[in-house]
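Chain letters run A, B, ... following the sequence lines, proteins first and then strands; every chain starts at 1.
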Amino acid sequence: MRLSQSFIPTMRQDPGEAEVISHRLMLRAGMIRKVATGIYSYLPLGLRVIRKIETIVREEMNRAGAQELLLPILSPAELWKETDRWDFYGKELVRLQDRHERDFCLGPTHEEVITDLFRREVRSYRQLPLTFYQIQTKFRDEIRPRFGLMRSREFIMKDAYSFDQDETSAQRNYQRMYDAYCRIFSRTGLQFRPVEADTGLIGGISSHEFMVLANTGEELIVFDPDSSYAANVERAEVVPPPARSPEAQKPLEKVSTPQTKSVEEVSALLKVPSNRVVKTLLYQTGNDEITAVLIRGGHQANEIKIKRYLGLHDLTLASPELVGKITNAPVGFVGPVGLSGVRILADHAVSTLTNFIAGGNEPDLHFMNVNATRDFSIDDIGDFRQAKAGDPSPQSGSPLQTARGIEVGHVFMLGTKYSEKMGATFLDAEGQSHPAIMGCYGIGIGRTAAAAIEQNHDEKGICWPMPIAPFQAQILPVTSSEAVHLASEQLYDELSQQNIEVLIDDRNERGGVKFNDADMIGTPYHIIIGDKGLANNTLEIKDRKTGEKVLLPPNQVADWIKDAIKQHLHTQS
RNA sequence: CGGGGCGUAGCGCAGCCCGGUAGCGCGCCUGCUUUGGGAGCAGGAUGUCGGAGGUUCAAAUCCUCUCGCCCCGACCA
């Protein structure tokens, strides 16, 4: 392709609107332009990357036995009402009416539509298993779209849905998708890690997220350096600490703690390590129901675990007013001693403590030497805190490490949630009717492109991994002599004929401009053609990522490039 | 939705506090010279100052309302 005739509007300056690297570089390299918050146009260069990722996804989905189809973007409210998601999905679901005032929504995901298709068409276990996928534009009216394609409202997603007749087969299908995802992300050339993920209220079976590792990632994951264990912190299990031989219980004591609310303040004032202080969080878990959760100092409550334990999908901390009503104390002085009419949950780490410090339920008061059972009673003990670096791995016991990641894919066992509600059943060999067992599997295509940039860039621009680079090689005629022009055109023809995706910068620009644009666009190989080199009968090939330079006679360049590309595509698949 | 900030030329910004009719850099157009890491000189074009209303002889500037955008917290591919 000729740069002079291409619409690749690069920007010299950083646009003010963009904060994260991938967003900035996508704008500056002329890949995308914003239309409205969280809504972008894909310009030619950006679309090429999107298409490359889609191609890899498509190939691997097909290889895994999934069949491509395309569902409508608009879907009727009736389907969503069947699963209660019309109400449950909330404001994220964009609703609209047609001219007859019938309700529709823009599909944020397609369980309802695909399940509807299934129930209309599939009757027998002989037709199973089935896995469908599509690559389609989704719309979710995100609370806060940001970071360009990383979290947009309109986005391209590959979503797949599997239907199986029994657990075993469903598990096999899940594994097949899991493996396909591993191949997909390996092939994109990205560093990634599958991690155990929260299954939410649907509960149970399995869910994994695929994280592209990047310091700017929004997700925090923990992993075990000595085993395959890795999990989203939201999900990561905390192993209960070993029981300690209890200290002798000391008498309960009141201490005055004016103005000391946080665990840090209390531990500083009383000169006691923070791991002997217990914080008491009050959650409003029903209209008239309050649940207290006890977490040790230095630990963080994990609301997802608490929600799961309580079987709730909303959990809100009690308001300061409410806290005052229940405890006669402001927030910061709440404790379990003397707390009445409140269910008390304790994290494992709290349950093994003796003689700890807790709020006194009066202003400016704490208790010392609190002991469960003697001073108050715990209703339930469980895993209610967030895992952190250094916690023992559930698999090997080694200290867990943390990393940041960008969630680019998610595989999820749905079970029969949708098939039951929507009556998507089949008849087994005995003529018995069963709901199909479903799984769903998503990949954010645009987010994958963004994640690739987060992971592969330097101060000059993008360094695309070969498999998803918009072009494989870029020719930079860097002086304006006729000889350079001829050599460039000749090489361009040669590479094009060999099906190399080559971009030639045939603009009437100075060398510096071409160098900088090429670096920003991030084509893996730059072929620099100038009078200096031609005088020695050489062209210069530069590896964008490593900066390594190779000088070669013009007639050897095409072969060299071809080999290099082959190697890149090969080693990464 | 809560908190913070910003809307002035295609892009990045100054001007606003203290009202007097809009400026800088980059880009763009023309010409000449240049041409291996964002060229030089000369000339030129470009603005409903986000929108509406108000105060005033006079509003980018002050007041009210509104719309849009960005950043920080609760969602998810």
Could you identify the nucleotide paired to U46(B), looking across every strand shown and requiring Watson-Crick or G-U wobble geometry with both distances under 3.5 Å? none
What contact category does Arg153(A) fall into here, base, sugar-phosphate, or nothing, at under 4.0 angstrom with non-hydrogen atoms? nothing
Once you apply the 3.5 Å cut-off to both distances, tell me the Watson-Crick or G-U wobble partner of G2(B), or none. C72(B)
Using a heavy-atom cut-off of 4.0 Å across all strands, would you classify Gly446(A) as base, sugar-phosphate, or nothing? nothing
Using a cut-off of 4.0 Å on non-hydrogen atoms, how would the nucleic acid contact of Met11(A) be classed: base, sugar-phosphate, or nothing? nothing
Please work out if Glu92(A) contacts a base, only the sugar-phosphate, or nothing of the nucleic acid, heavy-atom cut-off 4.0 Å. sugar-phosphate
So what does Lys34(A) hit on the nucleic acid, given a heavy-atom distance under 4.0 Å: a base, only sugar-phosphate, or nothing? sugar-phosphate
Does Arg95(A) count as lying over the ring of Trp80(A), i.e. NZ or CZ under 6.0 Å from the six-ring centre, within 45 degrees of the axis? no
Across the strands shown, which category fits Lys460(A) at heavy-atom distances under 4.0 angstrom: base, sugar-phosphate, nothing? base
By the 4.0 Å heavy-atom rule, please label Lys542(A) as base, sugar-phosphate, or nothing. base
Does any donor atom in the side chain of Gln136(A) or Asp159(A) lie under 3.5 Å from an acceptor atom in the other side chain? no
Could you check whether Ser152(A) gets within reach of a base, just the sugar-phosphate, or nothing at all, counting any heavy atom under 4.0 Å? base
Nucleotides bounding contact with chain A, strand RNA chain B, heavy-atom threshold 4.0 Å: C11(B) to A77(B)
State the pairing partner of C65(B); accept Watson-Crick or G-U wobble contacts with both distances under 3.5 Å, and report none otherwise. G51(B)
NA contact type, Arg146(A), heavy-atom cut-off 4.0 Å: base, sugar-phosphate, or nothing? sugar-phosphate
Judged by nearest nucleotide, the residue sitting upstream toward the 5' end of RNA chain B, Ala18(A) or Ile156(A), is Ala18(A)
Once you apply the 3.5 Å cut-off to both distances, tell me the Watson-Crick or G-U wobble partner of G36(B), or none. none
Do any pairs count as a salt bridge (Lys or Arg N to Asp or Glu O under 4.0 Å) and have a residue in residues 32-47 of chain A, sequence neighbours left out, and if so which ones? Glu17(A)-Lys34(A)
Pair Phe384(A) + Tyr309(A): ring centers closer than 6.0 Å: yes
Between His299(A) and Lys279(A), is there a side-chain donor-acceptor contact under 3.5 Å, judged purely by atom types and distance? no
Describe the nucleic acid contact of Glu154(A) in one word from base, sugar-phosphate, nothing, applying a heavy-atom distance below 4.0 Å. nothing
At under 4.0 Å between heavy atoms, what does Gly530(A) touch on the DNA or RNA strands: base, sugar-phosphate, or nothing? base
Tell me which nucleotide, if any, is Watson-Crick or G-U wobble paired with G12(B) when both distances must be under 3.5 Å. C24(B)
Do Asn173(A) and Thr131(A) get their side chains close enough for a donor-acceptor pair, meaning under 3.5 Å? yes
Scan Ser480(A) against the nucleic acid and name what it touches under 4.0 Å (heavy atoms): base, sugar-phosphate only, or nothing. base
Return whichever of Glu17(A) or Glu209(A) has its heavy-atom-nearest nucleotide of RNA chain B closer to the 5' end. Glu17(A)
Will you find, in the side chains of His410(A) and Ser207(A), an N or O donor that is under 3.5 Å from an N or O acceptor? yes
For Val478(A), which contact category applies under a 4.0 Å heavy-atom criterion: base, sugar-phosphate, or nothing? base
Who does C41(B) pair with, Watson-Crick or G-U, both distances under 3.5 Å? G31(B)
Touch class at under 4.0 angstrom, heavy-atom based, for Asp14(A) against every strand present: sugar-phosphate
From the list Ile529(A), Leu552(A), Ile528(A), side-chain contact (heavy atoms from CB on, under 4.5 Å) partner of Glu540(A) resolves to Ile528(A)
